[in-house]
Amino acid sequence: MTRLQPSSTWWTLFLSLVILLGCLVIPGVTVKHESFKKCDQSGFCKRNRAYADHASAQSSSWSSPYALEPSSIHFKDGLLQGTILKAISATETVRLPLVVSFLESGVARVVVDEEKRMKGDIELRHDSQARKERYNDAQKWVLVGGLGLSKSASLNPEQEEGVTKILYGPDNKYQAVIRHSPFNVFFQRDGQTHVQLNNKGYLNMEHWRPKVEVPEGAEAPPTTEDEGTWWDETFGGNTDTKPRGPESVGLDITFPGYSHVFGIPEHADSMSLKETRGGSGNHEEPYRMYNSDVFEYELNSPMTLYGSIPLMQAHRKDSTVGVFWLNAAETWVDIVKTTASANPLSLGMGAKTDTQSHWFSETGQIDLFVFLGPTPQDISKNYGELTGYTQLPQHFAIGYHQCRWNYVTDEDVKEVDRNFDMYQIPYDVIWLDIDYTDDIKYFTWDPLQFPNPIGMEQQLDESERKLVVIIDPHIKNQDGYPIVEEMKSKNLATRNKNGEIFEGHCWPGASHWVDCFNPAAIKWWIGLFKYDRFKGTLPNVFIWNDMNEPSVFNGPEMTMPKDNLHWGNWEHRDIHNIHGITLVNATYDALLERKKGVVRRPFILTRSYYAGAQRTSAMWTGDNQATWEHLAISLPMVLNNGISGFPFAGADVGGFFHNPTTELLTRWYQAGIWYPFFRAHAHIDTRRREPFLIPEPHRSIIAQALRLRYQLLPVWYTAFHEASVNGTPIVRPQFYVHPADETGFAIDDQLYLGASGLLTKPVVAEGVNTADIYLADDQKYYDYFDYTVYQGAGKQHNVPAPIDKVPLLMQAGHIIPRKDRPRRSSGLMKWDPYTLVVVVDSNGEAEGTLYVDDGETYDYQRGGYIHRRFHFRDATLSSEDIGTKGPKTAEYLKVMSAVRVEKVVIIDPPTQWQEKASVTVVEEGAKSASTATVEYHDQASGKAPYVVVKNPGVSIGKTWRMEF
């Protein structure tokens, strides 16, 4: 039960009682649907769906009322500008400025705005202080590059009446076909259409119009539109005043010939998105993106969760395309798939499936990016150029994190730390939830329970371990609390619709929210993390930003009223989905230099996120439950986040709510070691379940899984580096690795680790002792532990997976770097030697990479790193430098000169090697060649033989070769 201070408010007491009572009964699903809107309870969602239904019902007779005015079209230097006219009557139109940018990367951007709002030529209701224009500042928080206009984009000389064609992209092989009336755009690659905008005619921009006030007793003028939620909307006892009236935007985006679409996290659903208009196995509701604190969320649902990335990818055999909908307001997406019958004259070709998506947001512009691929890697790269690549975190961050709500004293933390050592279980980080604070006042310590935080942090530092503490955006409104008094006096808090400081309730009770849209608030927030302000913290303390959707316990849908005001007088409705990352960005800047001149890479965990959050933080999937179903859904959720540009993702190992069985907890650890962000977490009312508390044999099995994660940290860090330079996911789904294999497109319960060729399928069901792993390619795969051989080529193999085994295969053709010496933390492994596992393919070849840096500073940006490519061909294993030299290169190589390769394992070598006793080793800078001992190990049928080279003595940072 939550510990209460004598000064705790009635609200804290009430919340604690509710939480305790809630834990006495454990229903299967406890999400309160009545607290969150469905589409027919969201006015603009209902209106846009009805608009689409009307257009569909009209079928061939429907004509979208939007037309591009031909005389307004101007194209120059990769930029097309014009005006779309929306016909609202036979004599009246609304002017909508259009800008289509053709970028150097081959990406196209389409922006549609509203002239009246842009000019401020509208009237606000209720004497509101809100901005008049549509929100146009999302790019400030989201976009960091990739916006250079194409110098080669040009008008297609073969123009048609009523159509404008633009050639762009690599070698001008892309084409945008812009039809004037009705307005639509087809994006083509190699002469084939891949993305269609407004093909169904669902384009809808709710233009500004004055509210016609009807005198009391008078009859309202007739209208064909449902105005019931145009001007005010009530839900859950809260009335949203909508000073600008209706202003939603909607657009249909079709992917012709594509039957699978992925992305738009965060939802607890399959990776291949389902249809949303009903039918067997489909959803009835659209996918919703409105960052929310959803208590014990349900599975297999389009319901909104904590984060939103409005990036959708469509995939078919050997082709991936995508769209990015840059809008920070509440957004819904409908998906419908239509299949045309096969043409009897098509020489056996199958039916064609089109996926039609319909996007609608409550406010803002239409701001859309179109990616034409053609590979999943192209989408990752192009999207990353726009929104930034994943940060390269400090090395400790990819180790194991131990957390629960709550470690109750600093002695409790120290005892947990000692027990990990006693049982020889590695971990890197321990976490503190809200109760470390003095009465939930952030930047303070409880003087009774945490009297000596420095001593606690120093003990952790002895084993190179870290501490993470929670800091949320709600600041307790209590007299005498310096933080809230500063925030109020400097006017740095979010305001209500009347311009007064907004007060709501969260963990501390009555609270105010820091407004990190305000540059002055950011500067102030940064100062709070300095060592002389946040006293009791050392450099090994990092930050957890939770509840930043924002979660407001007494607000509509557990969040802020939409008519709240942020800096610049933007309404909360305009910026809701990017609210969380404004706080994270400010925290990131705060951690960059807590002490002048000492710069270290920050580590921050966020619950709420949007596109761009990958630059500064890790994320997790929120308040899951200790059930097999929640374990299973974590895999597609993490994979989906990865292909959506935010791969530093994980789920609470063991489940946050309730108590897992020993089997479930064990299997969850075996799955959790494949989350890029690997943290165990639990509710305050669950039983303590640190690994050392679990009875044998499961304690040893969990420890074994943890040691496997640490053994493979070189692979993980190399994958993180790759993600940080080109956006590729850290863990990859089947379609991403095998884009031509249609059988694997919907598989989302097995994954590849980076480019290492390691393939795993965690066990996610009770009582199961095997794993059915699908192998798409014709390479051999080998069991990681005993080298059992599995032949690929579109086959599913039943791999043994007893409770003490992680199902893990190695794809032939790869070289896997490991560190085999068990340590207490990753920091203590820094100087340990490497083992190279060479998995030879049918051509007798293999390849792999390794990236290493100091794991802490930004010296790698100045050449302070090692980046090697290992080759095995023609019976020779070699290491070559693929890094770029800089001013820090020589210094780092000198520091790492003693770190060596202690062992090489070659799997499935030529049989003639049975007689080989030694290998010749040639290293750069050595006076002469040397030899190393070779041991050949034959195995029983079904298991591959292997060779072990002992102590070759080569440096990990040098060029060398081993000749067999």
Side-chain angles (χ1 to χ4, degrees), residues 26-33 35-39 261-276 281-312 330-335 546 549 551 557-558 577 580 606-610 619-644 646-647 649-658 660 664 667-668 671-672 674-677 679 681 683 731 733 746-749 751 762 764-765:
I26 305 178
V29 175
T30 57
V31 62
K32 295 181 179 179
H33 284 284
S35 297
F36 300 95
K37 289 181 180 178
K38 291 186 178 295
C39 183
V261 287
F262 308 108
I264 61 170
E266 179 185 28
H267 301 96
D269 203 14
S270 59
M271 199 177 70
S272 182
L273 300 172
K274 300 181 177 70
E275 295 187 60
T276 60
N282 298 330
H283 298 309
E284 299 285 344
E285 290 283 308
Y287 286 95
R288 190 185 188 202
M289 287 179 281
Y290 186 63
N291 297 358
S292 301
D293 182 356
V294 183
F295 185 84
E296 293 193 321
Y297 54 83
E298 67 179 0
L299 308 184
N300 305 307
S301 168
M303 188 176 184
T304 191
L305 287 178
Y306 311 93
S308 301
I309 299 178
L311 171 68
M312 178 180 286
E330 177 185 352
T331 299
W332 303 71
V333 183
D334 262 321
I335 297 172
D546 198 355
E549 293 75 25
S551 177
E557 298 196 90
M558 287 279 287
N577 284 346
T606 183
R607 189 171 73 175
S608 178
Y609 60 92
Y610 189 75
M619 62 74 62
W620 91 109
T621 62
D623 297 343
N624 58 0
Q625 300 183 51
T627 68
W628 289 99
E629 293 78 12
H630 273 264
L631 165 57
I633 207 72
S634 70
L635 296 174
M637 291 179 77
V638 168
L639 287 168
N640 206 25
N641 241 66
I643 64 169
S644 301
F646 198 175
D652 284 345
V653 171
F656 180 67
F657 287 109
H658 317 316
L664 173 57
R667 289 302 196 188
W668 211 319
W674 306 110
Y675 301 155
F677 173 61
R679 182 185 74 154
H681 187 37
H683 190 275
V731 291
I747 293 176
D748 57 12
D749 58 357
L751 57 88
V764 295

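Fair warning: this is a prediction, and the values are worked out from it, not measured in the lab. Only heavy atoms go into these numbers, but all of them, side chains included; no hydrogens, no water, no symmetry mates.
Nearest heavy-atom pair, Asp269 versus His283, reported as atom, atom and distance to 0.1 Å: OD2-NE2, 2.9 Å. The heavy-atom pair separating Gly650 from Val638 by the smallest distance is CA-CG2, 4.0 Å. Of all the heavy atoms in Pro302 and Glu285, the pair that sits closest is CG-O, 3.6 Å. Counting all heavy atoms, side chain and backbone alike, Ser308 lies closest to Asn291 at OG-OD1, 2.5 Å. A pairwise comparison of heavy atoms in Ile747 and Asp749 identifies CG2-OD1, 3.6 Å as the closest pair. Nearest heavy atoms, Ser292 versus Thr304: OG-CG2, 3.7 Å.
Taking 4.5 Å as the limit, some side-chain heavy atom of Ser634 sits within range of a side-chain heavy atom of Leu631. Proximity of Pro762 to Trp674: side-chain heavy atoms (C-beta onward) are separated by under 4.5 Å at one or more points. Side-chain atoms of His33 and Met303, non-hydrogen and from C-beta on, do get closer than 4.5 Å to each other.
Partners of Arg667 under the salt bridge (Lys or Arg N to Asp or Glu O under 4.0 Å) rule, at least two apart in sequence or in another chain, do not exist in this structure.
Distance CE/Met637 to CE/Met271: 13.5 Å, rounded to 0.5 Å. Taken to the nearest 0.5 Å, the CG atom of Leu273 stands 11.5 Å off from the CG atom of Asn282. Summarising the geometry, atom OH belonging to Tyr609 is positioned 5.5 Å from atom CD1 belonging to Ile309; distances are rounded to the nearest 0.5 Å. Atom CD of Glu266 is separated from atom OH of Tyr287 by 13.5 Å, given to the nearest 0.5 angstrom. Taking OG of Ser301 as the start and NZ of Lys274 as the end, the distance is 9.5 Å to the nearest 0.5 Å. Note that CH2 of Trp332 is 5.5 Å distant from SG of Cys39, once rounded to the nearest 0.5 Å.
Remark: of the listed residues Asn640, Val731, Asp748, Val764, Val764 is the sole one forming a side-chain contact (heavy atoms from CB on, under 4.5 Å) with Leu635.
Under the 3.5 Å distance criterion, the side-chain polar atoms of Thr276 are matched with a main-chain donor or acceptor of Ile335. Judged by distance alone, the side chain of Asn624 and the main-chain N or O of Asp652 form a donor-acceptor pair under 3.5 Å. Put simply, the side chain of His683 never gets that close to the backbone of Gly655: no donor and acceptor are under 3.5 Å apart. Between the Gln625 side chain and the His658 main chain, no donor and acceptor come within less than 3.5 Å of each other. In this structure, the side chain of Asp546 does not engage the main chain of Arg607 through any donor-acceptor pair within 3.5 Å.
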* Take Phe656 and His630, measure what side chain to side chain contact (heavy atoms under 4.5 Å, CB included) needs, and give me the verdict at the end. => CA-CA 10 Å; Phe656 180 67; His630 273 264; over 6 Å; no
* To do: Would you sort out whether Lys38 and Arg288 count as a side chain to side chain contact (heavy atoms under 4.5 Å, CB included), showing the intermediate values?
  => CA-CA 9 Å; Lys38 291 186 178 295; Arg288 190 185 188 202; over 6 Å; no
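Within the structure, no pair that satisfies the salt bridge (charged side-chain N to carboxylate O under 4.0 Å, His left out) test touches residues 627-644, not counting sequence neighbours.
Ring pair Tyr306/Tyr297 is perpendicular by interplanar angle, where above 60° counts as perpendicular and below 30° as parallel.
In this structure, Phe36 has its ring center no closer than 6.0 Å to that of Tyr290.
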